[in-house]
**Q** 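Below is the structure I would like to discuss, written out as structure tokens.
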Amino acid sequence: MEALLDQARTIWEGEIDFHGQRLAEYLNYGLLSLFGFIAFLVGFIAQDIYQTLYIGLGGTALTFLIVVPPWPFFNRHPLAWLPPRTGRGTDYGEIVVDGKKVG
Amino acid sequence: MHNTLTRAQNVFGYFTSVAFAVAAAIAVSIVLSAQAPTASLELHNVQVVKGRPHYYSTKREEFAHVKFDLDADLSSVFNWNTKQIFVYITASYPSSNPSSIPASESVIWDAIIPASNAPWHQNTYIHPPNANAKPEKKTKKPAKKAETGKRDNQKAYPAGAKPGVIKLEKGMPKYQITDVTGKIAERQNATLTLHWNVQPWVGLLVWDNRRTYGRWQGLKGGDASFDFPSLQGTQVKKEDLKTATGAERNRGSPA
């Protein structure tokens, strides 16, 4: 049961790694700006404001689809976490931060 | 951007910014569309009679009934960001003391003219059939067609015409006008003027322009001078004082 709930929460939260977050941000700004520009241009050339509306809304829907779900390409650089603490005390082994021992 | 909810919020947030920017660009882009409206407005007939402002009124006022001939081509006013234009004709006359009191201005006729891609609305102005149109077209009654429910196919204009082309001969006013003093007969130097508002899909409401701004040429024509006649009595037939009723009278009644 616990494992099942954990899995459900992972799917719901849909976390992605740090590289994925940067990529998602670029895609968000890039795609929405691009679709907005195309929408205006097509509508202006065709002199039809409905085309602007539909391209704008369609592009936004597509951007939602690309950016929001935790696609595998957002999770290609998983972070290597420290091994979990098993006992009490300092059995981390050696922790080195910026060349200094801290643990 | 680390989890689904944050990403959804970020995408939606930036979408609102893009939508606003595109809307602003559309609103500004209309200055690029050239327009050259022309109109010829002439007084056909004006009569002044006494009447009651409303049924229970004990006071009788003078009412002017102004008929006009309008031949306007406002089709170039429509551009890709035009939802509809509101066209109206005013009769204005100077006050007794023009240096301190501004002229009076009353609307005698108006119409809502939708762009060709605007959805059908029951208040849409339906152009009366042209006098030189074929007789078979005359028999078509647009109002009856509307009742059958085939509104999407209905055009507010005679076949082949464009929105903004208005041709009214012996056009009846929609409103009979009076003055606050109750006296309107024999006033001099009155003017009939054609006006309009352009209502865009997004952006600012634009009024009619008599001067040229960039690619927008000012209206050519659209004014007519006249004097109000003296009060007429019972020799005026009731049929001559009829007013045109717009489709907006449907407001509130079942479609």
Side-chain angles (χ1 to χ4, degrees), chain A residues 8-71 73-75 77-79, chain B residues 1-36 75-85 114-121 152 162-164 198-206 215-216:
Chain A
R9 199 176 59 210
T10 307
I11 292 169
W12 165 246
E13 288 184 347
E15 292 187 346
I16 57 178
D17 64 39
F18 289 121
H19 286 84
Q21 291 175 34
R22 179 165 57 194
L23 180 64
E25 193 143 335
Y26 282 164
L27 282 174
N28 176 22
Y29 289 137
L31 286 174
L32 280 177
S33 304
L34 185 75
F35 280 122
F37 187 70
I38 291 173
F40 175 81
L41 218 61
V42 169
F44 186 74
I45 290 166
Q47 288 287 296
D48 183 1
I49 201 161
Y50 281 88
Q51 294 195 18
T52 300
L53 180 72
Y54 293 142
I55 292 172
L57 289 182
T60 304
L62 199 67
T63 308
F64 262 93
L65 211 65
I66 291 171
V67 174
V68 174
W71 297 112
F73 58 80
F74 288 138
N75 268 321
H77 304 276
L79 217 57
Chain B
M1 296 297 244
H2 66 287
N3 65 15
T4 302
L5 188 62
T6 315
R7 285 194 298 276
Q9 286 174 334
N10 276 314
V11 174
F12 185 76
Y14 190 57
F15 158 69
T16 59
S17 301
V18 170
F20 181 82
V22 171
I26 292 169
V28 171
S29 75
I30 60 167
V31 301
L32 296 173
S33 106
Q35 54 177 251
S75 56
S76 64
V77 170
F78 287 86
N79 56 48
W80 78 304
N81 186 24
T82 304
K83 183 186 182 190
Q84 59 190 20
I85 63 175
S116 51
N117 61 354
W120 174 258
H121 190 276
D152 292 341
K162 276 191 287 187
V198 182
Q199 300 178 15
W201 291 108
V202 288
L204 302 175
L205 189 70
V206 181
R215 305 192 66 175
W216 291 9

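Within every chain, numbering begins at 1; the chains are lettered A, B, ... in the order of the sequence lines, protein sequences first and strands thereafter. All values below were derived from every heavy atom in this structure, side-chain atoms included, with hydrogens, water molecules and symmetry-related copies excluded.
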**Q** Which pair of non-hydrogen atoms, one from A:I16 and one from A:Q21, has the smallest distance, and what is that distance?
**A**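 Closest approach of A:I16 to A:Q21, heavy atoms only: O-NE2, 3.2 Å.
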**Q** Between A:L27, A:V67, A:D17, A:L32, which shows the greatest number of heavy-atom pairs under 4.5 Å with chain B?
**A**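 The option with the most such pairs is A:L32.
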**Q** Using a 4.5 Å heavy-atom cutoff, which residues in residues 8-17 of chain B come close to chain A?
**A**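 Expected list: B:A8, B:N10, B:V11, B:F12, B:Y14, B:F15.
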**Q** Between B:W80 and A:F44, how do the two ring planes meet: parallel, tilted or perpendicular, split at 30° and 60°?
**A**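 Judged by the thresholds at 30° and 60°, the geometry between B:W80 and A:F44 is perpendicular.
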**Q** Using a 6.0 Å cut-off, check whether atom CG of B:L204 has over 12 heavy atoms from anything other than its own residue.
**A**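 Not buried by this count: 12 neighbours or fewer within 6.0 Å.
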**Q** Which residue out of A:S33, A:A46, A:G56 racks up the most heavy-atom pairs below 4.5 Å with chain B?
**A**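 Between A:S33, A:A46, A:G56, the count favours A:S33.
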**Q** So, for B:S76 and B:A36, which heavy atoms are closest and what is the spacing to 0.1 Å?
**A**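 That closest heavy-atom pairing would be OG-N, 2.9 Å.
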**Q** Might you confirm whether atom CZ of A:F73 has over 12 heavy atoms from other residues, nucleotides or ligands at distances under 6.0 Å?
**A**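 Correct, the count exceeds 12.
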**Q** With a 4.5 Å heavy-atom cut-off (strictly below), which parts of residues 35-43 of chain A touch chain B? List them by number.
**A**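 When heavy atoms of chain B are the reference, residues 35-43 of chain A contributes A:G36, A:F40, A:G43 within the under-4.5 Å range.
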**Q** Looking at B:R7 and A:P69, what are the two nearest heavy atoms and their distance?
**A**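 Heavy atoms of B:R7 and A:P69 come nearest at NH2-C, 3.8 Å.
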**Q** Side chain of B:W216, backbone of B:S33: donor and acceptor closer than 3.5 Å?
**A**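 Answer holds: yes.
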**Q** Under 4.5 Å, counting heavy-atom pairs only, tell me which of A:L57, A:L31, A:D48 racks up the most with chain B.
**A**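 Looking at each of A:L57, A:L31, A:D48 in turn, A:D48 comes out on top.
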**Q** Taking atom OH of A:Y50 as the centre, report whether more than 12 heavy atoms of other residues, nucleotides or ligands fall under 6.0 Å from it.
**A**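 Above 12, so yes.
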**Q** For B:T82 versus B:N117, what's the shortest heavy-atom pair and its separation?
**A**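 Distance-wise, the nearest heavy atoms are O-OD1, 4.5 Å.
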**Q** I'd like to know if the side chain of B:N3 reaches the main chain of A:E15, judged simply by a donor and an acceptor atom lying under 3.5 Å from each other, with no hydrogens or angles considered.
**A**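 No, because the side chain of B:N3 does not come within donor-acceptor range (under 3.5 Å) of the backbone of A:E15.
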**Q** Judged by atom type as modelled, is there a donor-acceptor pair below 3.5 Å linking the side chain of B:S75 to the main-chain atoms of B:P163?
**A**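 Between the backbone of B:P163 and the side chain of B:S75 there is no qualifying donor-acceptor contact (under 3.5 Å).
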